[in-house]
Number of protein chains: 2
Amino acid sequence: MSERTDQIVAEARALIEEGGPEALTMRALAARLDIRAPSLYKHFPDKLAVEAQVIAIAFGELAAELEKTGSLSELAAAYRAYALAHPHLYRLMNSGPLPRHLLPAGVEDRAAMPLVRAVGGDEHLARAIWAFAHGMVILELDRRFPDGADLDRAWRTGLAVFREPVQH
Amino acid sequence: MSERTDQIVAEARALIEEGGPEALTMRALAARLDIRAPSLYKHFPDKLAVEAQVIAIAFGELAAELEKTGSLSELAAAYRAYALAHPHLYRLMNSGPLPRHLLPAGVEDRAAMPLVRAVGGDEHLARAIWAFAHGMVILELDRRFPDGADLDRAWRTGLAVFREPVQH
DNA sequence: CGATATGGCTAACAACGTTAGCCGTCAAGC
DNA sequence: GCTTGACGGCTAACGTTGTTAGCCATATCG
């Protein structure tokens, strides 16, 4: 990972955070670095590789935030907070197929660990809560809930329910 | 809605179901109808309008499936079944911002009604369950769960938990 | 001193959505 | 019956996208 490479990824991230994933264009990215688009291919094989680096960084950041938390509700709050603070980044890393072959190994697992720990190792429960959290976040980002819906309340409802021990 | 218009939408849908949303191309769509791409603009103002028609149809179909169910677990099963039967269609209608201004009024509400009824009108609980279901489906379609994860079990876990009455 | 890697560049291609403008067919109105 | 206009095709073209080919300057190293 050279110096220049890091610069490129940083600018790519900025483009995405400012204008969404579709604002990341090889030409726009090059313009930010005062070079022409084809020169980017001296550093990355293609656009997907650039995106993958941005995704890898985002996963690391998210994992770091989640690791700070103690309880399940703190974890959920941190998850939602990251998504709302970086909506375009969240969408990039969490929708569509992941380019796993371009990502450092373990980034996904690290981000998942705090939740698995919070539910005491029950993988099925962890997956259900993950689905709930991702669903809440992505539906909010995509404006699928009615305007003015009380989403705090919906989060509390879901989390309260998941805290109740039931056999499954 | 003319005859030709319906044909176009049908072919657009077929393209999406076969190759995903990015396979819907004005040129590919035209080719299916043995015409050239610009001729499509005699029937639709732009590509988004075509997509919106496909989405509207998909919402109607999904709503019809959901309305057949009685219990919450049947509802969940029907929801998942539709998504797995039409993965590309599901992704098209349920990710990214909805072109609501191009959709007939009430299509979203109709698809949401069965769930609201199944939970006895509790809107917060309905939103939490919707998030859970959408999260489970989209994470499955996007292959975000580990290979071989027992998703039936995760669904059952989530649904069991949501059936328990708790105050929120 | 020369070879090689590094990192720029221009020109270009194919595919995309979309627009402009032309033309044939056919039904309705005078 | 002739004309007029809507309807629905067409070709040519434009601008934007990712990407490739190939050229060239600099700088480092044997």
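First the proteins, then the strands, lettered A, B, ... as listed; each starts at 1. These numbers come from a predicted model, not from an experiment.
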Please name the pair of heavy atoms, one in L141(B) and one in R91(B), separated by the smallest distance, quoted to 0.1 Å. O-NH2, 4.0 Å
Decide, yes or no, whether a salt bridge links R117(A) with E67(A) under the criterion of side-chain N to carboxylate O below 4.0 Å. no
Please answer whether the main-chain N or O of R153(A) pairs with a side-chain N or O of T157(A) as donor and acceptor at a distance below 3.5 Å. yes
What's the CG-P distance between L29(A) and dT19(D), to the nearest Å? 12 Å
Basic-acidic side-chain contact under 4.0 Å: R80(B), D152(B): yes
One thing to verify: whether E108(B) and R143(A) come together as a salt bridge, which I'm taking to mean a side-chain N less than 4.0 angstrom from a carboxylate O. no
Kindly assign one of parallel, tilted or perpendicular to the pair F162(A) and F132(A), based on the angle between their ring planes and the thresholds 30° and 60°. tilted
Among K68(B), R13(B), R110(B), salt bridge (Lys or Arg N to Asp or Glu O under 4.0 Å) partner for E61(B): R13(B)
Using only side-chain N and O atoms of H43(B), determine if any of them is under 4.0 Å from OP1 or OP2 of dG9(D). yes
How long is the straight-line distance from CE of M136(B) back to CG of L159(B), given to the nearest 0.5 Å? 9.0 Å
Five pairs per end, C1' atoms only: what is the angle between the end axes of the helix from dC1(C)-dG30(D) to dC30(C)-dG1(D), to 10 degrees? 20°
Does the side-chain contact (heavy atoms from CB on, under 4.5 Å) test come out yes or no for N94(B) and L139(A), once each step is laid out? CA-CA 9 Å; N94(B) 288 331; L139(A) 291 173; over 6 Å; no
Keeping D142(B) on the side-chain end and S95(A) on the backbone end, is there a donor-acceptor pair under 3.5 Å? no
Listing time: all N or O pairs from protein to nucleotides 24-26 of chain C that are below 3.5 Å?
none

Please report the distance, rounded to the nearest Å, between CG in L40(A) and P in dT20(D). 13 Å
Starting at atom CZ of F44(A), determine the distance to atom P of dT6(C), rounded to an integer number of angstrom. 15 Å
What is the distance, rounded to the nearest whole Å, between atom CG of D34(B) and atom C1' of dG9(D)? 12 Å
Phosphate-side-chain proximity, S39(A) and dC9(C), N/O vs OP1/OP2 below 4.0 Å: yes
Does the protein touch nucleotides 16-22 of chain C at the base, only the backbone, or not at all? Give it as B, S and - per nucleotide, heavy atoms under 4.0 Å. BBBBB-B
Please determine whether side-chain contact (heavy atoms from CB on, under 4.5 Å) holds for the pair L40(A) and I35(A), giving the CA-CA distance in whole Å, both sets of side-chain angles, and the decisive distance to 0.1 Å. CA-CA 8 Å; L40(A) 292 170; I35(A) 59 178; 4.0 Å; yes
Tell me the interatomic distance from R36(A), atom CZ, to dG7(C), atom C1', rounded to whole angstroms. 14 Å
